[in-house]
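Reminder, nothing fancy here: chain letters follow the sequence lines and each chain counts from 1.
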Amino acid sequence: MTDHAADFYAAVALDVPLARSFDYRVAGVLPAVGERVVVPFGRQRLSGVVTALSQIAPDFAGIRDIESAPGDMPALPADVLALCRFVADYYLAPIGQVLAGALPTVFRQPKVWSGFEAELAYAAPDVEALLATLSARARKQRALAEALRQPRRIDELRAVASDASRWLKDWQAAGQVITRPWQPPAPGQVHTGPRPELQAEQAAAVDALGAAQGFVPWLLYGITGSGKTEVYLRSIEAVLQRGQQALVLVPEINLTPQLEGRFRQRFPEECVVSLHSGLAEGERTRNWLMAARGEARIVLGTRLAVFAPLPALGLIVVDEEHDPSYRQSEGVRYSARDLAVYRANQRKVPVLLGSATPSLESWKNAREGRYRLLQLKQRAVTGAVAPKIELLPTGRVYMPDGIHPLALDALARTLNSGGQALVFINRRGYAPVLSCRDCGWISGCKRCSAKLVLHLSERRLRCHHCGYEIMPPVACPDCGNQDLQPLGQGTQRIEDILASRFPETPPLRIDRDNTRRKGSLEAMLAQVHAGEARLLVGTQMLAKGHDFAKLQLVLVLGADSGLFSVDFRAEERLYAQLLQVAGRAGRAGQPGRVLIQTHYPEHPFFGALVRGDYAAFADEQLAQRKQLLLPPASHWAMLRAEARQMPRAMGVLKAAQADLRAAGITVNDPVPATLVRKAGVERAQLVLSAPQRGVLQQALDHWLHSAQIPSGVRVTTDIDPQEF
DNA sequence: AGCACGCCGACT
DNA sequence: GTCGGCGTGCTC
């Protein structure tokens with residue numbers, strides 16, 4: 001008989017979509033709270049995180065033993081556990097899934113992680129001798145050799161030259177490079193690379209940031225080219241000087257290498273690591289561990305990095321804080337920007353939100369004094385000139401191809417003079433849909449309620465939601481008419497039109513359809529930088545981060561679709577997007593030209609955009625939202641139900657509607673989702689709102705726990721939904 | 001989510 | 001006669 005008095009019991013959070021944690025008896029060594037353990041679960045073995053320990057035996061007869069504690073992961077610190085619990089409560093998500101999302105993937109599996117070997121540092125004892133063996137033209141190799149003047153980790157060296165591993169192996173074999181265990185640099189004097197002079201506004205911002213103590217949320221509102229990054233760098237420098245860590249969040253993976261390079265240049269002796277899902281498993285795990293041990297002083301990452309353990313956290317920076325990529329929209333839904341603010345508050349450190357087009361949420365907070373506003377109105381980046389934004393009214397102009405003749409003229413002039421031009425349209429494919437002129441038939445997806453998009457180059461009709469593909473029919477399936485026409489425009493159709501208009505300078509299309517293969521985007525961007533491609537056609541993708549020095553003209557098509565959208569956030573997003581593409585033009589000294597083709601040149605939206613007055617636009621939008629009781633002036637949530645048949649999904653939502661109305665929540669009627677059927681599942685949604693966040697939260701939480709949801713119906717919640 | 005159990009249609 | 005479809009139910 002076992003001595004029950006001495007037993008410990010652990011509550012373990014598992015990566016299953018169940019709200020509660022599961023209790024296990026501690027069989028061996030007592031694990032710490034926050035440690036990962038492997039447990040039996042039904043017929044499976046799962047990895048979970050210990051969330052609580054107790055000596056009181058749970059009232060459950062079938063209790064089982066913890067199988068093992070692998071000990072390959074440091075226990076999550078209390079603040080990360082608390083952050084995860086907050087996410088679980090706030091977003092009504094299962095705690096186990098939140099915790100799983102916070103860990104590198106290797107720690108979500110029962111398997112013990114063996115990539116445990118000590119981090120190595122590479123160095124060249126005699127750099128001059130090594131350089132002497134290299135050809136003068138081998139620029140990457142020479143850069144790598146230069147970097148080896150001091151001991152460097154492999155990830156740093158790969159950032160210098162992507163082929164680092166191969167060359168290091170050769171040089172090691174030749175005895176020119178040696179390795180030894182990597183030692184984290186002791187905090188001390190911070191050495192910086194060259195620092196540009198600060199403009200008065202930047203200096204004022206840096207001073208204000210430096211003077212503040214404890215938790216202060218800052219909104220750094222700075223126009224494109226005003227040098228926000230320099231403000232981040234100076235603030236980080238102060239953090240490093242105090243021996244603390246800085247967490248820097250960026251919206252997308254492809255923005256990390258650029259910024260990482262800049263940080264490494266500025267702080268050549270500091271340990272900078274990145275955290276994002278594009279990293280190889282081993283590298284991500286090692287970087288995470290360096291962050292968790294406090295060795296990494298600067299942690300640069302995408303939204304998932306907000307969960308990284310950081311024992312010496314001193315500052316959080318959220319770059320492009322308005323960016324929708326900060327929202328996780330699958331699985332556990334959260335806003336990394338909001339969590340960054342929560343975490344800063346938790347740790348009593350400042351958080352710096354930067355943007356040229358702040359989100360209305362942050363703007364409201366700044367206007368109401370909850371965030372402190374820092375403004376950069378002047379251009380500080382050398383060569384940065386404001387692009388000239390012009391409207392091209394399409395009123396009564398004959399445009400057989402959907403492009404204004406003046407736009408074609410401008411393109412021709414730019415191309416003839418040897419310049420580069422970008423045609424921006426936010427729609428992939430050849431044309432949105434294929435349609436029959438006779439009977440009005442439109443290509444629809446068999447599995448979803450979405451339209452199939454024509455991709456002419458692959459001769460496919462493709463669903464952008466579920467991936468369903470078919471060959472385009474030769475004749476109309478309904479009436480047999482052979483004259484099927486593409487309706488509207490997408491990137492591919494524009495590409496075709498431009499190809500016939502400008503045979504001398506073939507257009508290069510860059511969108512998700514032709515950059516899916518790894519490295520293909522980089523290859524295309526290289527063509528652009530080399531000046532081989534001078535006429536670009538692209539979506540969203542091209543708007544972010546990539547600077548094209550020779551770009552003189554940006555033509556925006558299809559902007560109007562954002563003006564009259566049912567989605568109340570569409571205008572806000574359009575503004576940010578247009579400003580971002582506009583910023584691509586004319587960075588190398590000459591002002592670029594941005595032409596926006598529109599049917600509605602009088603729309604107030606364009607007034608603010610052309611004047612470059614985002615503040616006015618944001619204030620106007622906020623006033624509207626207040627009047628219409630839309631976020632951020634009220635709080636919204638969405639209840640979604642999925643089932644095989646629509647009536648079952650609707651039934652659950654109708655019940656929810658009645659219950660939640662009784663609880664004092666404003667509830668719309670349940671409606672079939674925008675995309676009613678997705679991959680064979682019927683979906684419906686219910687939009688809820690309340691002036692106070694807490695009321696909504698409690699009512700929903702209560703409903704989820706008490707409602708009788710029939711099996712076969714899946715209910716999910718989306719707090720602060722971004723799309724409707 | 002997995003993974004079982006369980007009860008009805010077309011196949012080696 | 002069985003293989004297998006996915007409805008239902010459970011996991012400390």
Look at all strands and tell whether [X] reaches a base, only sugar-phosphate, or nothing, counting heavy atoms closer than 4.0 Å.
| X | result |
| --- | --- |
| A:Leu46 | nothing |
| A:Phe41 | base |
| A:Arg714 | sugar-phosphate |
| A:Pro58 | nothing |

| field | A:Arg43 side chain, from C-beta outward: closest of C:dC12, B:dA4, B:dA1 | value |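 It is B:dA4.
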| query | Are A:Phe22 and C:dT11 stacked, counting the six-membered base ring, centres under 5.5 Å, planes under 30°? | reply |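 Ring-base stacking flag not set for A:Phe22 and C:dT11.
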| Are any of the side-chain heavy atoms of A:Val16 and A:Gln97 separated by less than 4.5 Å? |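 A side-chain contact under 4.5 Å is absent here.
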| query | What distance do A:Ile665 atom CD1 and A:Ser689 atom OG have between them, rounded to the nearest 0.5 Å? | reply |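 A:Ile665 atom CD1 to A:Ser689 atom OG measures 8.0 Å (nearest 0.5 Å).
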| query | Between A:Asp720 and A:Tyr334, is any side-chain donor less than 3.5 angstrom from a side-chain acceptor? | reply |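 Checked: A:Asp720/A:Tyr334 side chains show no N/O donor-acceptor pair below 3.5 Å.
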Rounding to an integer number of Å, can you tell me how far [X] [atom1] sits from [N] [atom2]?
| X | N | atom1 | atom2 | value |
| --- | --- | --- | --- | --- |
| A:Arg45 | C:dT11 | CZ | C1' | 16 Å |
| A:Leu53 | C:dC12 | CG | P | 19 Å |
| A:Ile66 | C:dC12 | CD1 | P | 13 Å |
| A:Tyr24 | C:dC12 | OH | P | 5 Å |
| A:Leu14 | B:dG2 | CG | C1' | 12 Å |
| A:Arg20 | C:dC10 | CZ | P | 11 Å |
| A:Asp15 | B:dC3 | CG | C1' | 15 Å |
| A:Asp7 | C:dC12 | CG | P | 18 Å |

| message | side-chain contact (heavy atoms from CB on, under 4.5 Å), that's the test. Do A:Ser47 and A:Arg108 meet it? Break it down for me. | response | CA-CA 6 Å; A:Ser47 173; A:Arg108 294 179 213 173; 5.7 Å; no
| said: Between A:Arg640 and A:Asp718 (salt bridge meaning N to carboxylate O under 4.0 Å), is one present in this structure? | reply: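 Result for this pair is yes, salt bridge flagged.
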